[in-house]
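Have a look at the structure below, then the notes.
One is the number of the first residue; the rest follow in order along the sequence.
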Amino acid sequence: MAAMETDAAPLTLESLPTDPLLLILSFLDYRDLINCCYVSRRLSQLSSHDPLWRRHCKKYWLISEEEKTQKNQCWKSLFIDTYSDVGRYIDHYAAIKKAWDDLKKYLEPRCPRMVLSLKEGAREEDLDAVEAQIGCKLPDDYRCSYRIHNGQKLVVPGLLGSMALSNHYRSEDLLDVDTAAGGFQQRQGLKYCLPLTFCIHTGLSQYIAVEAAEGRNKNEVFYQCPDQMARNPAAIDMFIIGATFTDWFTSYVKNVVSGGFPIIRDQIFRYVHDPECVATTGDITVSVSTSFLPELSSVHPPHYFFTYRIRIEMSKDALPEKACQLDSRYWRITNAKGDVEEVQGPGVVGEFPIISPGRVYEYTSCTTFSTTSGYMEGYYTFHFLYFKDKIFNVAIPRFHMACPTFRVSIARLGYLMTSVTVIPILETIT
């Protein structure tokens, strides 16, 4: 027994076979893999095994096999080179780069002019200069996105969506970082807020709070909503659109590339469609999408403006004699308090559309609520073209509308606190 123990060689790292060690190293994150390079010569050699870095290049930088071939570099070199350029954004880069790639891939065949309006990425020194100019640090995920694309040219339609009514049009461009810095706010009500978007028609912008101030959370994205009844210009309420830049941008892209926001005449329209919001009566199907318009809404006084887009379609398999014409509409409108309003009238938006097999008719209208939410439902009355005395009703599905989360201005809250003895704690409304 003693002879066997004497003959057995001591187990060392150098004596272990290569394949099991490589398998173990394949489970390490890039930080640990780099640290292994400083443990021993053997681990340094194994940690440089190129296939180990393939997973990290794909996970953190989304580098494809084709890109590797084009650059004619090994995986480890690609990882290190990319890290030296955008390594500070490693926690954000993959999510934001994927969102940009998905958005461009989806828009290129549908809205090519919009893709062409995108600017090349900003340099680190450009972003540093903006921070020096505004006196605040930019969020890392914001900087990361602007390293990929520095916003877009001020064109119509804008990348961040459009909305059109008979007498109102909005289209939001994604601002480049220099233009955004020029609009950085130091005034009361919007202190430390940087504009992300701009609409040349309405002057509307979405802002990101680069510092926590005036009741806003740091990195929150919002639409401003001036208090219509306050004498204090600093009384600005906020409709919250995203908790962070990443949350705001990736959720918008998801809505676009999933088809949730329709593309109409080369523009992204920010209508939200509930797949269950569909009703079929005979051969006619009615579906509804809705959108909230912050620029036409206010928290104080409570006035919440919504637009809805209705699609009326007759099945292509319907018989020709089923062709019909819309005569009138009936609406039952209910707000969050349960108050009901009934509306009845001829046609829709001044028209009396004819629906025939395979034909689609769409129109846009709007409504307002004094509560943060409400719903509508009703029916259309049609008559058959070939049997004009025969009329029938087509159901409009119930569709709900709700404004985004909002936060009341602390300037108005402060005024209320000096005006009354006791006030309720401010709550975020959803």
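Checking D81 against S84 by side-chain atom types alone, no donor-acceptor pair falls below 3.5 Å. There is no side-chain donor-acceptor pair under 3.5 Å between T202 and R170. Side-chain contact check for R147 and Y89: no donor-acceptor pair (N or O, by modelled atom type) lies under 3.5 Å. A donor and an acceptor atom, one from each side chain of N335 and T371, are nowhere located under 3.5 Å apart. For the 3.5 Å distance criterion, the side chains of Q185 and R187 qualify, holding a donor opposite an acceptor. The closest side-chain donor-acceptor pair between T381 and N393 falls under 3.5 angstrom.
Remark: side-chain polar atoms of T281 are paired, donor with acceptor, to backbone N or O of A395 under 3.5 angstrom. Using a distance-only test at 3.5 Å, with no hydrogens or angles considered, a donor-acceptor pair links the side chain of S298 to the main chain of P301. In this structure, the side chain of D283 does not engage the main chain of D317 through any donor-acceptor pair within 3.5 Å. Here the side chain of Q344 pairs no donor or acceptor atom with the backbone of Y330 at under 3.5 angstrom.
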Residues 191-198 side chain polar contacts: donor-acceptor under 3.5 Å, at least two apart:
from	atom 1	to	atom 2	distance (Å)
T197	OG1	E172	OE1	2.6
T197	OG1	Q206	N	2.9

What pairs of donor and acceptor atoms, side-chain ones from residues 148-155 against any protein atom, are under 3.5 angstrom apart with sequence neighbours left out?
from	atom 1	to	atom 2	distance (Å)
H149	ND1	K119	O	2.8
H149	NE2	K104	NZ	3.0
N150	OD1	V177	N	2.9
Q152	OE1	L159	N	2.8
Q152	OE1	L174	N	3.0
Q152	NE2	S117	OG	2.8

With a cut-off of 3.5 Å and sequence neighbours excluded, list every side-chain donor-acceptor pair involving residues 91-102.
from	atom 1	to	atom 2	distance (Å)
K97	NZ	D101	OD1	3.2
K97	NZ	D101	OD2	2.9
K98	NZ	D102	OD2	2.7
W100	NE1	S145	OG	3.0

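Ring geometry for W61 against F79 counts as tilted: the plane angle lies between 30° and 60°, on a 0 to 90° scale.
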Output, in order, the C-alpha distance, side-chain angles, deciding distance and verdict of ring-ring contact (aromatic ring centres under 6.0 Å, His included) for F222 and F239.
CA-CA 5 Å; F222 65 94; F239 291 111; over 10 Å; no
Between T307 and S291, does a side-chain hydrogen bond (donor to acceptor under 3.5 Å, both in side chains) hold up when you go through it step by step?
CA-CA 5 Å; T307 178; S291 185; over 6 Å; no
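M376 has its side chain within reach of M401: a pair of non-hydrogen atoms, C-beta onward, lies under 4.5 Å apart. L296 is listed as a side-chain neighbour of H168, based on a closest heavy-atom distance under 4.5 Å. The shortest side-chain heavy-atom distance between M238 and Q224 does not fall under the 4.5 Å cut-off.
Annotation: cation-pi pair R110/Y106 present, NZ/CZ under 6.0 Å from the ring centroid and within 45° of its normal.
Among the candidates T82, L78, L62, the single residue satisfying the side chain to side chain contact (heavy atoms under 4.5 Å, CB included) test with C57 is L78.
To the nearest 0.5 Å, the span separating NZ on K71 from OG on S77 amounts to 11.5 Å. Between T334 atom OG1 and E342 atom CD the span is 9.0 Å, to the nearest 0.5 Å.
Shortest non-hydrogen contact noted between P157 and S162 is CB-OG, 4.1 Å.
For Y375 and F399, the ring centers sit 6.0 Å or farther from each other. For Y207 and Y223, the ring centers are positioned 6.0 Å apart or more. Taking the ring centroids of Y83 and Y60, they lie at or beyond the 6.0 Å cut-off. Proximity of the aromatic rings of F369 and Y304 is defined here by a centroid distance below 6.0 angstrom, and this criterion is not met.
Atom CG of L165 has more than 12 heavy atoms from other residues, nucleotides or ligands within 6.0 Å.
Using a 4.0 Å cut-off between charged nitrogen and carboxylate oxygen, E211 and K137 do not count as a salt-bridge pair.
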